[in-house]
Amino acid sequence: MTYQPQADFGTPVSNADEMVTLLIDGREVTVAAGSSVMRAAAEQGTAIPKLCATDMLESFGSCRLCLVEIDGVNGTPASCTTPVAPGMIVHTQTPRLQKLRKGVMELYISDHPLDCLTCAANGDCELQDQAGAVGLRDVRYAADATHLGQAKDLSNPYFDFDPAKCIACSRCVRACDEVQGTLALTMAHRGFASKISAGLASEGFLGSECVSCGACVQACPTATLIEKSVVEIGTPDRAIVTTCAYCGVGCTFRAEMRGEQLVRMVPWKEGKANHGHSCVKGRFAWGYAQHRDRVLKPMIRASIDQPWREVDWDEAITYAASELQRISAQYGRHALGGITSSRCTNEETFLVQKLVRAGFGNNNVDTCARVCHSPTGYGLKTTFGTSAGTQDFDSVDDSDVILVIGANPTDAHPVFASRMKRRLRPQNGRPGARLIVIDPRRIDLVRSPHIAADYHLPLRPGTNVAVLTAMAHVIVTEGLVDQAFIAERCDADEYRDWADFVSLPRNSPEALEPVTNVAAADLRGAARLFATGGNGAIYYGLGVTEHSQGSSTVMAIANLAMATGNIGRRGVGVNPLRGQNNVQGACDMGSFPHELPGYRHISDDQVRGLFERDWGVTLDPEPGLRIPNMLDAATDGSFKAIYIQGEDLLQSDPNSRHVAAGLAAMECVIVHDIFLNETANYAHIFLPGSTFLEKDGTFTNAERRIQLVRKVMSPLTGLADWQVTQRLAQAMGLDWDYSHPSEIMDEIARLTPSFAGVSHAHLDVAGSLQWPVNAAAPEGTPIMHEQGFGRGKGKFVVTDYVPTDEKTGPRFPLLLTTGRILSQYNVGSQTRRTLNEVWHDEDVLEIHPVDAEDRGLKMGDWVKLASRVGETSLRAYVTDRVAPGVVYTTFHHPETQANVVTTEFSDWATNCPEYKVTAVQVSPSNGPTDWQRAHDAWATQSRRTRYGDLPG
Amino acid sequence: MTHLEKLVMMANQIAQNLAHEPDPAAAAAEHIRLFWDPRMRAMICAEEVAGLMPTAKAAVALIRPMA
Ligand code: SF4
Ligand code: SF4
Ligand code: SF4
Ligand code: FES
């Protein structure tokens, strides 16, 4: 398509059911009540000139360019602030209006540099457009006092701020307040002296509170705030809608292109997950796709101490297939396995699990969701019958009480966090939703502009189940249960057993306080608020799942939602915030060793038969190995070959030494990735991957929303990832013949009831679809369990608190918990290769001032972080954001290798690692540890090629 | 921790977390059957595995004939 900016209706859509009919320029138009006259005109196709209005923001009425005449109304009201009324007669274009508008425009232009021809926004500037629209031909005012000499602020790595071009419309300020919720910008002074500033003048954007979401840049009608990439490359000439490949929010973007060059990613206003908003990662951090570190040719080597040898695709695929076949013949088919990636598309993931099941002949397939949300799958399937969150994101608009546990949305799910924050702030006379945060750290949400949590329960890491059971105790013993909901929707006997259990005195907040460190009075207050505050919604993340009782915690959350009747309508529900872009999809696609696509157990003869007939093979009815089991089996000698698509096991999985030993014990490690990641140091075959910009397919976000990923440029390696897997399958004798990912989706739909109505063509028309999409719900299912649970009756499960075996003691007195931050993404292989490094170029250890002082540590000191399994070193960041006794770090940088210290303790039901609780000691240090030095040396040596070293 | 020690720990965890099921040993056995690869089941079903808690031991006895 040729380049068209996104349509702008001037003011936000009204959701009123009532419709109003009016006359605009003699034409009848019917719109929702509450719409502005400007919006009504725009919907009819009449663009009223405007500058301060845009449909992402509430109307403001400051520029006076949008004046109209209305019969029976005095003067010339602003159309952006005037609501429609039945029978209203509006004129948008009269000589009087034209004169007034010209006058307004003249004032703006007189203080604006007239350098349109050399301006980066030339052709994509609303001021320019409006000057044309009002017919401005000359400017009568002398430009004696202007803003033209003001210095530019170029501090942000992705956008420039040129105050000389500012028209003081305040769209940027309002975008930062209303859309992003950071409130980083202010409009200083008034009238002619008005000036936008981010933080203190000396700080500029980079030093301010700004989180670089880009909302202000998108809102700015001039070139004042503009992407550096547009300044460098020029304005785009076409746009393709695609889906962000970072987090589970699943924002959709217009990839705005110039030829095959990506100019900018602009959040798509019609995107149902993000509604035109974005965060710094999706909006700006895509430079890794063209980074010089990308390996574009396949490489092989006979052993991992040899240098790599570049080969062509044919040789690489033939060699990989022959190695897999050799190992299968020598050690048996169960010695092979594969790992699907939550970073890849549904179609690619489906193919990898199909290759393992149908080609390798076993079920040794797992996915990186093992280490994040596998307990969600288990817990929600057990209690509700469906392994997925219950709501869409929009549902939060109807919540009255929001409970956030073990999640840090402002850092990890920023666009949804903005949405949640909007609901938490009072708005248009509606009080904000109440907020309960259960987290060992004081995450930003606890206190941010215009938001304060009613309760923050800073629990001791590892005691989620105890806290949730104590909340249930209060709700049951104080008679706050929704009896009618339970009677109608849940199994009565199971409910009684559960209620009896939680009512035991040992489960009271007072009895559990010594275990949880949560003040009983606060816990009671939070429980009462959740049960009685209206629509209660629970949002959770990896702080829930990555524990030895991760699955139990998910079930305890489900219990709480059922007991309070908070399931099955808007505003409520159980909402897992998924880490990676396609965690939900990877799980849906049968990436777990015990389940075929659609969460059906491999031992189910009927389901297996369905796949066997479709694929023309016999499938193994036994569950296969999970990732940690594969590594154990490798050190035992019974697991010898692995095909890893898009996951860095070595950096992301716990106890790095053990992972390294497992990988080193294998005879064939195939890494299929866009960079030589840490795991590739142990690989024999490297298959270069393609980025999300280079392929077609779908991702499924945390709301079960399936969205198209569209190819915007050709794969730099010549093959998209699905084509590589197909070539490998063909080389192993499978008769695959897909010519496009849409054919893979057709197969998924044919074999998976919840995807029955999904196809690329349907997605193209609908924009997105939330599964289940089937005969009963042909356009998808935004809210689950509205009539009944997937499994029939909701199941209450007794979740007794079982302390983790990872205990503090004199040698390891502190508890380490890990997480991530806004600008970096997981193991960082993408974001570290972007300018996001300016915000976070190393992992640091957060430690409470008291614990720091005990150890003689100051801010910025090098510290050694040691656990029972390993040690690493990094710098200290002294802060009371963490409680005494708790330390925290991120795992974005391979130099730190935070997972050298995490243990192999794991969730009892799913083996999801217990990343969130490690007993550690912290002590002063001089710099990197022996392991870090040794690892660094090994990585450098392993990246050798016959022609020289590869970048890492 | 050896692989077998790890499996024993996992079996004990499963038994502890399913302790409130009507028949905890049967529930733990079922869980292991549904989620463990046959070679893991074979390892834990070998004679003389030390360290299993009573329910876990009973669960292992239930799966042994099929391991
Ligand atoms: S980029 Fe986002 S956070 Fe920064 S000033 Fe603009 S709207 Fe605010
Ligand atoms: S920077 Fe742009 S959006 Fe902000 S006030 Fe100036 S012109 Fe308006
Ligand atoms: S919130 Fe997530 S999906 Fe949206 S732009 Fe940021 S990283 Fe991408
Ligand atoms: S667009 Fe209506 S007053 Fe500015």
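Quick note: numbers below take in every heavy atom, side chains included, and nothing from hydrogens, waters or symmetry partners. In the text below, chain A, chain B and the rest are named by the order of the sequence lines, each starting its count at 1.
Contact annotation for A:Asn364: only side-chain heavy atoms (C-beta onward) come within less than 4.5 Å of a heavy atom of chain B. Residue contact with chain B, scored on non-hydrogen atoms closer than 4.5 Å, involves the side chain of A:Asp805 exclusively. B:Leu7 does not touch chain A: none of its heavy atoms, backbone or side chain, sits under 4.5 Å away. At a 4.5 Å heavy-atom cutoff, the contact between A:His658 and chain B is made by side-chain atoms alone. Of the two parts of A:Ser548, the backbone and the side chain both hold a non-hydrogen atom closer than 4.5 Å to a non-hydrogen atom of chain B.
Side-chain contact between A:Val802 and B:Gln13: absent, with no pair of heavy atoms (C-beta onward) separated by less than 4.5 Å. The closest side-chain heavy-atom distance from A:Gln549 to B:Asn17 is below 4.5 Å.
Note that the CG atom of A:Asp800 and the CG atom of B:Leu18 stand 11.5 Å from one another [nearest 0.5 Å]. Atom NE2 of A:His601 and atom CG of B:Leu34 lie 4.0 Å apart (nearest 0.5 Å). With values rounded to the nearest 0.5 angstrom, B:His3 atom NE2 is found 8.0 Å from A:Ser638 atom OG. Rounding to the nearest 0.5 Å gives a distance of 7.0 Å between CD of A:Glu595 and CZ of B:Phe35. B:Asp37 CG to A:Asp620 CG: the interatomic distance, rounded to the nearest 0.5 Å, is 8.5 Å. Here the CH2-CZ distance, from B:Trp36 to A:Arg626, works out to 7.5 Å after rounding to the nearest 0.5 Å.
The shortest heavy-atom contact between A:Asp632 and B:Lys6 is OD1-NZ, 2.7 Å. Taking every heavy atom of both residues into account, B:Pro38 and A:Pro623 meet most closely at CD-O, 3.4 Å.
Interface remark: of the candidates B:Met40, B:Met1, B:Arg39, B:Arg39 forms the most heavy-atom pairs closer than 4.5 Å to chain A. For the set A:Phe592, A:Tyr378, A:Tyr801, the entry with the most heavy-atom pairs within less than 4.5 Å of chain B is A:Tyr378. Counting heavy-atom pairs closer than 4.5 Å to chain B, the top residue among A:Asp907, A:Asn629, A:Ile602 is A:Asn629.
Between the side chains of B:His20 and A:Asp497, no donor-acceptor pair is found at a separation under 3.5 Å.
The neighbour count for B:Lys57 NZ, taken as heavy atoms of other residues, nucleotides or ligands under 6.0 Å away, does not exceed 12. The environment of A:Gln330 atom CD is dense: over 12 non-hydrogen atoms of other residues, nucleotides or ligands sit within 6.0 angstrom.
The aromatic rings of A:Trp908 and B:His31 lie tilted to each other, with the angle between the two planes from 30° to 60°.
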